[in-house]
Amino acid sequence: MQQKLSLYNTLTRKKEVFEPLHAPHVGMYVCGPTVYGEPHLGHARSFVTFDVLYRYLRYNGYKVRYVRNITDVGHLENDADEGEDKIEKRAKLEHLEPMEVVQHYTNVFHQDMEKLNVLPPDIEPRASGHIIEQIQMISEILENGLAYEVNGSVYFDVQAYNKGHNYGKLSGRVIDDLLNNTRELEGQQDKRSPLDFALWKKASPAHIMRWPSPWSDGFPGWHLECSAMSRKYLGTTFDIHGGGLDLMFPHHECEIAQSQASHSHSDAARYWVHSNMITINGQKMGKSLGNFINLRELFSGSHKMLTDQYSPMTVRFFILQAHYRSPLDFSNEALQAARKGYLKLMNGLRVLDKLEYSEEGHTPDEKLNEDLQKLAQDCFRGLNDDMNTARTIASLFNLLKKINSLYLGQLPLQALTRGTFDTLQNTYKDIVQEVLGLKEESSLDTEEMLDLVLDFYKEAKETKAYDKVDSIRAELKKQGIVIKDLKSGIDWAYEE
RNA sequence: GGUAACGUGGCCGAGUGGCUAGGCUCAGCUCUGCAAAAGCUGCUACAGCGGUUCGAAUCCGCUCGUUACCUCCA
């Protein structure tokens with residue numbers, strides 16, 4: 001009854017029906033964060049997007065192996081020979097071991113992702129743990145004559161590669177245009193062409209992060225880890241490769257080149273999926289522009305652009321209310337609207353739980369049943385159409401209107417068939433919770449609520465309404481709270 | 001300069017050539033002890049100018065404007 005999931009494939013520039021290579025198994029690789037700074041809203045968008053894809057594939061019964069890496073080595077500060085490793089730069093700044101910095105920001109990243117209800121991947125490999133695999137891949141590319149060694153460093157020979165392959169197929173670049181428009185960067189003397197990129201870099205004496213290799217003590221190039229790790233865990237050809245749009249060129253282009261040039265001879269993934277950027281006042285939010293908003297600042301409301309704190313689920317809803325391939329503009333106002341929308345959706349969940357269907361006296365209204373079935377179908381239609389969560393959410397709100405009307409008796413519950421009722425309930429709940437990954441987050445301040453209850457308790461005691469007193473005690477006990485009548489007043493404690 | 005997008009009502013944001021996207025805001029109504037919630041109604045837009053078409057926000061062209069990638073970046 002449902003149509004199939006279509007995804008926009010950057011490689012072919014069109015939407016394609018998703019067919020896994022080895023159903024029911026699906027292999028998915030997503031470029032993870034470089035752990036040298038606080039996760040920000042941009043990270044959230046990418047990882048929430050692919051989290052929904054992961055969830056939806058699983059919802060459809062696929063057995064997904066989701067690999068998302070942690071980049072803890074290898075990203076140069078610039079393309080110059082004296083370029084410092086990003087991790088290392090930060091480490092020197094803070095007088096910490098590089099791996100200490102890596103661990104710290106990895107932890108922060110994990111915490112933030114958990115708050116956003118982003119499921120952990122099945123495998124989360126680290127670049128530093130796969131040096132051997134990367135060296136292996138470099139050897140293969142050298143064997144195939146598509147890389148060359150200079151002074152202990154190894155570079156990918158883009159022009160040689162382009163004779164038998166198409167460098168630029170993913171991002172639509174033309175190699176001659178690239179050559180004409182390359183900037184002059186310092187420290188590129190070793191390269192035969194400015195387009196060539198490093199597979200292995202010899203470490204300068206001061207460089208801490210270094211590993212032995214056949215060519216020098218050094219470190220792997222920026223793009224290699226994803227090629228090596230995706231191949232190790234998903235095979236030479238797998239189903240989906242995801243990442244932010246800004247990684248399309250050169251990162252993903254280089255990945256394809258590396259895969260083709262090694263013994264893999266493959267584009268790596270069959271579907272390349274890219275999520276768009278978050279903008280702020282119409283400009284891309286990015287590290288280089290210094291205009292990014294950390295997730296922590298968002299959650300705590302500490303950023304100067306924010307009037308309030310915005311909960312993780314509000315942020316998640318905000319992201320999901322736009323299609324992942326459109327740029328999404330950030331503003332305090334938009335977040336305000338997102339919060340309301342999110343809460344509205346959550347209230348629907350509660351209302352749905354309170355609805356009880358009874359076979360008695362039901363007089364099915366054919367048109368109403370049809371309408372509701374169609375509204376439910378619309379939710380899936382949106383998801384299947386290139387994961388259009390914006391449309392899905394719009395459909396959910398349409399469904400919610402009916403749910404609320406049923407709850408208030410403005411629409412008679414008896415007019416529904418059992419099947420329609422179940423569809424209504426399952427569709428709404430499943431999509432909101434399982435697929436979109438939105439969950440209730442209690443904003444209630446427990447202590448405050450407890451104080452309120454204790455006031456009632458006190459009042460009941462004073463008026464000697466002991467049945468009330470007993471029932472309050474009993475209810476609180478269910479929550480693991482005991483009331484203590486002290487001479488000094490009333491207090492509570494966790495039940496031990 | 002090269003390449004690729006985009007320009008939708010007060011704001012955000014969907015949109016497959018013809019049929020109400022949706023959310024937020026605002027106004028009114030129903031309900032309500034007051035409120036809140038919820039429902040209903042209204043504010044009905046597609047940058048501009050041409051063209052194709054019976055019909056275009058949707059296709060084509062031009063103009064204006066904005067952005068992204070080309071350099072680390074989700």
Side-chain angles (χ1 to χ4, degrees), chain A residues 10 13 15 30-34 36-37 39-50 68 71 74-80 83-86 89 168 171-174 176-183 185 194-195 222 242-251 253 274-279 281-289 292 317-318 320-345 347-348 350-351 378 381-382 385 388-411:
Chain A
T10 307
R13 305 263 159 188
K15 282 186 207 170
V30 171
C31 289
T34 303
Y36 68 96
H40 58 76
L41 192 53
H43 292 109
R45 183 171 203 197
S46 173
F47 301 128
V48 165
T49 296
F50 292 107
R68 191 187 65 204
T71 296
H75 277 226
L76 290 173
E77 194 64 18
N78 55 48
D79 204 9
E84 281 181 298
D85 189 295
K86 279 196 168 178
K89 185 177 182 187
S171 55
R173 310 282 141 142
V174 177
D176 290 333
D177 293 342
L178 286 171
L179 279 169
N180 290 335
N181 292 296
T182 308
R183 289 191 216 168
L185 293 171
L195 295 186
W222 348 322
L245 195 64
D246 49 354
L247 296 178
M248 186 167 78
F249 188 90
H251 185 60
E253 199 69 70
H274 292 97
S275 63
N276 214 317
M277 302 290 103
I278 296 235
T279 59
N281 298 324
Q283 255 207 333
K284 174 182 155 179
M285 182 182 289
K287 283 178 188 132
S288 45
L289 293 165
F292 58 90
F317 182 87
F318 169 70
L320 261 22
Q321 224 185 358
H323 182 64
Y324 75 91
R325 281 196 291 120
S326 302
L328 171 58
D329 198 50
F330 166 90
S331 70
N332 185 64
E333 216 181 347
L335 249 343
Q336 289 280 350
R339 166 157 58 201
K340 295 224 178 179
Y342 156 69
L343 290 173
K344 194 169 183 171
L345 220 47
N347 282 333
R350 310 185 129 228
V351 163
D378 283 346
R381 214 164 281 145
D385 184 10
N388 196 328
T389 52
R391 265 176 64 191
T392 302
I393 288 174
S395 303
L396 282 171
F397 278 118
N398 286 330
L399 210 54
L400 179 59
K401 265 185 196 168
K402 301 294 182 191
I403 292 170
N404 280 326
S405 295
L406 287 167
Y407 180 60
L408 291 179
Q410 291 162 342
L411 280 176

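Throughout, protein chains are lettered first and strands after them, A, B, ... in sequence-line order, and every chain is numbered starting at 1.
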Exercise. Expressed in angstrom and rounded to an integer, what is the separation of A:F249 atom CZ from B:rU3 atom C1'?
Worked result: 11 Å
Problem set entry | Nearest-nucleotide comparison on RNA chain B, the residue closer to the 5′ end among A:K340 and A:R13 | A:R13
Exercise. Are the side chains of A:N276 and A:R45 in touch, meaning some heavy atoms are under 4.5 Å apart?
Worked result: yes
For this session: With the side chain counted from C-beta on, respond yes when A:D378 and A:N398 share a heavy-atom pair under 4.5 Å apart, and no when they do not.
Result: no
Problem set entry | Interatomic spacing from NE2 in A:H274 to CZ in A:F249 - rounded to 0.5 Å | 12.0 Å
Problem set entry | Rounded C1' spacing from B:rG10 to B:rA5 in Å | 27 Å
Exercise. Within the structure, does a side-chain N or O atom of A:K344 lie under 4.0 Å from either OP1 or OP2 of B:rA38?
Worked result: no
Seminar exercise, completed: In whole angstroms, the gap separating C1' of B:rA37 from OH of A:Y407 amounts to 10 Å
For this session: Whole angstrom is fine here: how far is it from NZ in A:K402 over to C1' in B:rC40?
Result: 12 Å
Exercise. Nearest 0.5 Å, what's the CD-NZ distance between A:Q410 and A:K402?
Worked result: 11.0 Å
For this session: Check every strand shown and say whether A:M248 touches a base, only sugar-phosphate, or nothing at a heavy-atom separation below 4.0 Å.
Result: nothing
Exercise. Closest to the A:N404 side chain: B:rC24, B:rG39, B:rA68?
Worked result: B:rG39
Seminar exercise, completed: Taken to the nearest whole Å, CZ/A:R173 to P/B:rA5 is 12 Å
Exercise. Over how many whole Å does the gap from A:N398 atom CG to B:rA21 atom P extend?
Worked result: 11 Å
Problem set entry | B:rA68 and B:rC73, which share atom name C1', separated by this distance in whole Å | 13 Å
For this session: Measure from the side chain of A:K284, starting at C-beta and using heavy atoms only, and say which of B:rC70, B:rC73, B:rA21 lies closest.
Result: B:rC73
Exercise. Of all the choices, B:rG23, B:rG2, B:rA74, which nucleotide is nearest to the side chain of A:M277 once you look at every atom?
Worked result: B:rA74
For this session: Tell me, yes or no, whether the heavy-atom count around A:R13 atom CZ, taken from other residues, nucleotides or ligands under 6.0 Å, exceeds 12.
Result: yes
Exercise. Does atom OH of A:Y407 have more than 12 heavy-atom neighbours from other groups under 6.0 Å away?
Worked result: no
Between the protein and nucleotides 12-14 of chain B, which nitrogen or oxygen pairs are less than 3.5 angstrom apart?
| residue | atom | partner | partner atom | Å |
| --- | --- | --- | --- | --- |
| B:rG13 | OP1 | A:D329 | N | 2.8 |
| B:rA14 | OP1 | A:H323 | N | 3.0 |
| B:rA14 | OP1 | A:S326 | OG | 3.0 |
| B:rA14 | O3' | A:N388 | ND2 | 3.2 |

Exercise. Nearest-Å distance, CD (A:E253) to P (B:rC69)?
Worked result: 16 Å
Exercise. What nucleotide among B:rC70, B:rA74, B:rG23 has an atom nearest to a side-chain atom of A:T34?
Worked result: B:rA74
Problem set entry | Between B:rU44 and B:rG1 - P atom distance, rounded Å | 41 Å
Exercise. Do A:F330 and A:L335 have side-chain heavy atoms sitting under 4.5 Å apart?
Worked result: yes
Exercise. Among all residues two or more places apart in sequence or in another chain, which pass the ring-ring contact (aromatic ring centres under 6.0 Å, His included) test with A:F47?
Worked result: A:F109
Exercise. Counting any heavy atom closer than 4.0 Å, what does A:H40 reach on the DNA or RNA strands: base, sugar-phosphate only, or nothing?
Worked result: base
Exercise. Between atom CD in A:Q410 and atom C1' in B:rC40, what is the gap in whole Å?
Worked result: 8 Å
Exercise. For the side chain of A:A337, counting heavy atoms from C-beta on, which of B:rC24, B:rA74, B:rC40 is nearest?
Worked result: B:rC24
Exercise. What is the distance from atom CG of A:L343 to atom CZ of A:F317, rounded to the nearest 0.5 Å?
Worked result: 9.5 Å
Problem set entry | C1' spacing across the pair B:rU20 / B:rU41, given as an integer number of angstrom | 13 Å
Exercise. Taking CD from A:Q283 and P from B:rA5, how many angstroms apart are they, rounded to a whole number?
Worked result: 21 Å
For this session: Determine the Euclidean distance between corresponding P atoms of B:rA57 and B:rU16; express it in Å to zero decimal places.
Result: 14 Å
Problem set entry | Pairwise 5' ranking along RNA chain B for A:N347 and A:G341, keeping only the more 5' one | A:G341
For this session: Using the six-membered ring wherever Trp is involved, compare the ring planes of A:F292 and A:H40 and label them parallel, tilted or perpendicular (cut-offs 30° and 60°).
Result: tilted
Exercise. Is A:L195 close to A:L179 at the side-chain level, that is, under 4.5 Å between some pair of heavy atoms?
Worked result: yes
Exercise. Rounding to the closest angstrom, what is the interatomic distance between B:rU58 and B:rA47 at atom C1'?
Worked result: 15 Å
Exercise. Which whole number of Å gives the distance between the P atom of B:rG17 and that of B:rU30?
Worked result: 44 Å
Seminar exercise, completed: Output field dot_bracket for RNA chain B (Watson-Crick or G-U, both distances under 3.5 Å, | for other-strand pairs) contains (((((((..(((.....[...))).(((((.......)))))....(((((..]....))))))))))))....
Exercise. With rounding to whole Å, what would you report as the distance between B:rA45 and B:rC11 at their P atoms?
Worked result: 14 Å
For this session: Using a 4.0 Å heavy-atom cut-off across all strands, classify A:S405 as base, sugar-phosphate, or nothing.
Result: sugar-phosphate
